[in-house]
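As a basis for the values below, the full set of heavy atoms in this structure was taken, side chains included, without hydrogen atoms, waters or symmetry mates. Each chain gets a letter, A, B and so on, in the order its sequence line appears, and its residues count up from 1.
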There are 2 protein chains.
Amino acid sequence: MAKEHRSRRSRGSLSQAEIVAAAIRILDAEGSEALTFARLGAELQASPTAVYRHFASRHDMICAISDELDAISLAGYEPTDDWRADLRELAHRAWQTANTHPAAAAMGMNLLTGGMSELRAVDCVLRALHVAGVHGREAVVQYQVYVNIVLGSSAAQGALLSSPGLVNPQGVWFRTQVYAPVDPAQYPYADAVMSDLRQIDPSEVFSRTVEMFVTSIERMLEGRELSQSA
Amino acid sequence: MAKEHRSRRSRGSLSQAEIVAAAIRILDAEGSEALTFARLGAELQASPTAVYRHFASRHDMICAISDELDAISLAGYEPTDDWRADLRELAHRAWQTANTHPAAAAMGMNLLTGGMSELRAVDCVLRALHVAGVHGREAVVQYQVYVNIVLGSSAAQGALLSSPGLVNPQGVWFRTQVYAPVDPAQYPYADAVMSDLRQIDPSEVFSRTVEMFVTSIERMLEGRELSQSA
DNA sequence: AAGTTTAAGTTAACGCCATTGACTAAGCCA
DNA sequence: TGGCTTAGTCAATGGCGTTAACTTAAACTT
């Protein structure tokens, strides 16, 4: 029963990058509740408090994790001349990341990380808008709409996938707590489509949302041409 | 220094409704970190653990708070025959609630509460879509898009308003942590609009997003008419 | 109305967690 | 080689959600 003595990690063997990688491993395998300093220490084969030499607080670490999600999403991305394809691609990448690392996405994807990868992501979206012909203040507003939509939906997807009890074996979602003794006639519209509600494909909803955005940009550009020719 | 003895609360004097009301009061005044069982007990002038007679866990209580946010948003809402106005009105109400109770909104607005008010909200949105002429599976998908957008944006707004250090005295947002030593030339598009980024009006972004949704429904209906006349 | 039952409110405790301060030793520079 | 800096470690702390056992007042029974 003697506590197994761990050899002290050599000086400089830890880094923010390694800690973030370990954290994501834990989140993927055991969910958001498992991400504690104790568990992190075990994963790193280091003292639980060693992390504090690299992050000021848990929140700081989570921001770094979130920024790493941005980095993962952008890895290998190359801008093109097709702004539609770029906006779809960037959205798709965020969505993919949320599906690959749901707990991490639920935890940090709607946070402002203040990190380099987030800045790069901002730049990529703004570039696509610029290529489309959206500039200045308008670009910033549209950027914010896009980010809200893409990151909001992705974070929600992460939460859905990583919260046990919300997803059944077939992978479709349902409500844990049934709307108890309610008169169905009181909520006829909800009642009528209850069965459909359980069978929504989240990725279809997401791509619809993204298409909605792309179309709205197209419309804006069309409107601009009209007013120019007038 | 003797501990002030509180007279025991009489037997049925606590209720889920009163607890939720107290919780929202605390969240509004002191932010999400202040919502502890101890603080809640003080607010209710009751034992911290008394809450457990009414909610199975903290998470259950938060779901109830979230459902109350739905109730607040819907209070006084009356459906009309104008589906556009109804969708705007419902979105505006959620947004208003997020601005009035930011910490509560940040905490629970993208949760599935399983409560009655959520069900009523679902019914209201589906009704508006039905009036518009969107039914069945299509209605469910559009409903989900709408909910993701409205609740996602509102929850993000709540998080923004309730996280200290993200909002300056003038009310416009900025990043706490500046993107440290980065070559501006590496992210030219982000760099070019940095000053604009700090001056976005979130409510403008929100109404743009809602208009985008309404317009996309209109377009869908137009397309439907075209294919019918063909 | 008296006795019984039930459960809401209380009390005290437990275990987990993030965080801190003091300690240790490994790499670095003079 | 010897001191200095600091990453890694250890031990302790305070706050938190949660639980079990206890109290007591309302409600039910006959």
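Taking a 6.0 Å sphere around CZ of A/R137, one finds it holds 12 or fewer heavy atoms contributed by other residues, nucleotides or ligands.
Rounded to whole Å, the distance from CZ on A/R53 to C1' on C/dT20 is 10 Å. If you measure from atom CZ of B/F37 to atom C1' of D/dG15, you get 14 Å, rounded to the nearest angstrom. At whole-Å resolution of the value, CG in A/L40 and P in C/dT19 are 12 Å apart. The separation between A/L44 atom CG and D/dA7 atom P is 16 Å, rounded to whole Å. Whole-Å rounding puts the A/I62 CD1 to C/dA18 C1' distance at 11 Å. Taking atom CZ of residue A/F55 and atom P of nucleotide D/dA7, one finds them 13 Å apart after rounding to whole Å.
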Would you mind writing out the side-chain donor-acceptor pairs for residues 61-72 of chain A within the sub-3.5 Å range, not counting sequence neighbours?
{"unit_1": "A/S66", "atom_1": "OG", "unit_2": "A/G108", "atom_2": "O", "d": "2.7"}
{"unit_1": "A/D67", "atom_1": "OD1", "unit_2": "A/T113", "atom_2": "OG1", "d": "2.8"}
{"unit_1": "A/D67", "atom_1": "OD1", "unit_2": "A/E118", "atom_2": "N", "d": "3.0"}
{"unit_1": "A/D67", "atom_1": "OD2", "unit_2": "A/M116", "atom_2": "N", "d": "3.4"}
{"unit_1": "A/D67", "atom_1": "OD2", "unit_2": "A/S117", "atom_2": "N", "d": "3.2"}

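For the atom pair A/E18 CD and A/L44 CG, the distance stands at 5.5 Å (nearest 0.5 Å). Taking CD of B/E43 as the start and OG1 of B/T36 as the end, the distance is 11.0 Å to the nearest 0.5 Å. Separating the CD1 atom in B/I200 from the CD atom in A/Q144 is a distance of 4.0 Å, to the nearest 0.5 Å. B/N110 CG to A/L160 CG: the interatomic distance, rounded to the nearest 0.5 Å, is 11.5 Å. Atom-to-atom distance recorded for A/S73:OG and A/H101:NE2 is 8.5 Å, nearest 0.5 angstrom.
A residue-by-residue look at A/T49 and A/E33 shows that A/E33 has its nearest nucleotide of DNA chain C further toward the 5' end. Nearest-nucleotide assignment on DNA chain D puts the 5′-proximal partner with A/G12, out of A/G12 and B/A56.
In this structure, the helix from C/dA1-D/dT30 to C/dA30-D/dT1 shows an angle of 10° between the axis at its start and the axis at its end, each fitted on 5 base pairs and rounded to 10°.
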Which nucleotides of nucleotides 25-30 of chain C have their base under 4.0 Å from a protein heavy atom (B), which only their sugar-phosphate (S), and which neither (-), written as one string 5' to 3'? BBS---
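Residues of residues 13-25 of chain B that place a heavy atom closer than 4.0 Å to DNA chain C, in numerical order, are B/S13, B/L14.
Note on B/R39 versus B/E33: no salt bridge recorded, every NZ/NE/NH1/NH2 to OD/OE distance being 4.0 Å or above.
Every residue two or more places apart in sequence or in another chain that forms a side chain to side chain contact (heavy atoms under 4.5 Å, CB included) with B/A103 is listed here: B/L27, B/S32, B/S162.
Put simply, B/H54 has a side-chain N or O that comes within less than 4.0 Å of OP1 or OP2 on C/dG9.
Across all strands, A/T36 comes closer than 4.0 Å only to sugar-phosphate atoms, never to a base (heavy-atom distances). Within the 4.0 angstrom heavy-atom criterion, only backbone atoms of the sugar-phosphate kind lie near A/L35; the bases stay farther away.
Applying the ring pair (Phe, Tyr, Trp, His ring centres under 6.0 Å) test to pairs two or more places apart or on separate chains, those with a residue in residues 48-78 of chain B are B/F37-B/Y52.
A donor-acceptor contact closer than 3.5 angstrom is absent between the side chains of A/T209 and A/S153.
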